Amino acid sequence: MKDKKPMKSVFKEGAITSEFIGNSIYKHQTKTNIGAHNIFLGQVRADEIDGKTVAAIEYTAYEDMANQKFHEIRESAFENFDLTCMHIYHSLGTVKAGEICLFVFVSSPRRKVVFEALEFIVEAIKADVPVFGKEIFEDESHQWKVNS
Amino acid sequence: MLITIKYFGQIAEVTQKDEEQLEVSENTVSELLSLLNSKYSDLKNKDFQIAQHQELVALDTELTGAEIALLPPFSGG
């Protein structure tokens with residue numbers, strides 16, 4: 001039984017809290033066909049660039065296209081991997097250094113699948129989804145983040 | 001035709017707006033880009049891709065009247 005839901009927004013305003021993540025895990029305890037979960041958490045790093053430290057990242061997105069891309073990644077993941085369910089949440093707005101901005105959660109009856117699926121999904125998000133991060137320094141100047 | 005053009009991230013900093021509607025006689029994405037380059041001179045120093053109807057398109061793509069977006073490098077996650 002796959003919980004393939006139609007297009008839903010993956011965006012959340014602000015940081016993704018550890019309570020939200022813990023609650024997501026809790027909600028899967030009724031799905032007893034699952035034998036393995038895997039979770040990716042993207043955390044905002046306090047990079048030091050030219051002597052200035054990143055205090056936060058402010059995320060914006062081309063939301064219509066981004067939700068379409070998230071949907072395609074989701075369809076593709078279900079096609080290619082034996083997943084029971086998957087969830088993606090990405091922050092919009094300001095996320096401070098040390099806080100979580102991306103939460104990807106995959107579940108399957110067996111472990112091998114979740115390792116492969118999670119990497120596929122995270123790499124696809126980085127490459128294909130139009131999200132833009134503005135790195136805000138402690139002195140309130142900024143630069144635009146580029147994924148490496 | 002009347003086209004809605006959206007700007008994001010550092011591109012929106014150049015254009016000083018997130019969105020505008022332009023009445024254009026241009027036929028291709030490339031021709032539209034020339035128009036935008038003359039309107040916003042700093043645009044040619046910026047790295048971006050162009051989407052039409054929420055799909056990335058090549059410069060020789062014909063304009064359909066659907067929404068256009070100028071997208072700087074993605075940096076999600």
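Numbered from 1 within each chain, the chains take letters A, B, ... in sequence-line order. All values reported here derive from a predicted model rather than from experimental measurement. All values below were derived from every heavy atom in this structure, side-chain atoms included, with hydrogens, water molecules and symmetry-related copies excluded.
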Original post:
Which of these, A/Val113, A/Leu118, A/Ile88, sits in a side-chain contact (heavy atoms from CB on, under 4.5 Å) with A/Val106?
Top reply: A/Leu118
Original post:
Within residues 54-74 of chain B, which positions have a heavy-atom distance to chain A below 4.5 Å?
Top reply: B/Gln54, B/Glu55, B/Leu56, B/Glu67, B/Ala69, B/Leu71, B/Pro72, B/Pro73, B/Phe74
Original post:
Do any of residues 32-40 of chain B have a heavy atom less than 4.5 Å from a heavy atom of chain A, and if so, which, in residue order?
Top reply: none
Original post:
Is the backbone of A/Gly133 close enough, under 3.5 Å, to the side chain of B/Ser75 for a donor and an acceptor to pair up by distance?
Top reply: yes
Original post:
Are a donor atom and an acceptor atom from the side chains of B/Tyr7 and B/Gln16 found within less than 3.5 Å of each other?
Top reply: no
Subject >> Pair A/Lys31, A/Asn33: side-chain N/O donor-acceptor within cut-off below 3.5 Å >> reply: no
Original post:
Would you call A/Lys69 and A/Glu72 a salt bridge, taking side-chain N to carboxylate O under 4.0 Å as the test?
Top reply: yes
**OP:** Using non-hydrogen atoms and a 4.5 Å limit, figure out which bit of B/Gln49 sits close to chain A: side chain, backbone, both or neither.
**Re:** neither
Original post:
Of all of B/His53, B/Glu13, B/Lys6, which one pairs up most often with chain A through heavy atoms under 4.5 Å apart?
Top reply: B/Glu13
**OP:** Using the ring-ring contact (aromatic ring centres under 6.0 Å, His included) rule, pick out the option among A/Phe20, A/Phe40, A/Phe70 that qualifies with A/Tyr89.
**Re:** A/Phe20
Original post:
B/Gly77 and A/Lys126: which non-hydrogen atoms are nearest, and at how many Å?
Top reply: C-NZ, 3.5 Å
Original post:
Quick one: what part of A/Ala61 sits under 4.5 Å from any heavy atom of chain B, side chain, backbone, both or neither?
Top reply: backbone
Subject >> Proximal component of A/Tyr62, with respect to chain B [non-hydrogen, under 4.5 Å] >> reply: both
Subject >> Test side chain to side chain contact (heavy atoms under 4.5 Å, CB included) applied to A/Glu99 - qualifying residues, sequence neighbours left out >> reply: A/Ala15, A/Val95, A/Lys96
Subject >> Counterpart residues, side chain to side chain contact (heavy atoms under 4.5 Å, CB included), relative to B/Glu31 (two or more places apart) >> reply: B/Glu26, B/Asn27, B/Thr28
Original post:
Side chains of A/Lys145 and A/Val54: does their closest heavy-atom pair fall under 4.5 Å?
Top reply: no
Original post:
Taking the inter-plane angle between the rings of A/Phe105 and A/His87 on a 0 to 90° scale, is it parallel (under 30°), tilted (30 to 60°) or perpendicular (over 60°)?
Top reply: tilted
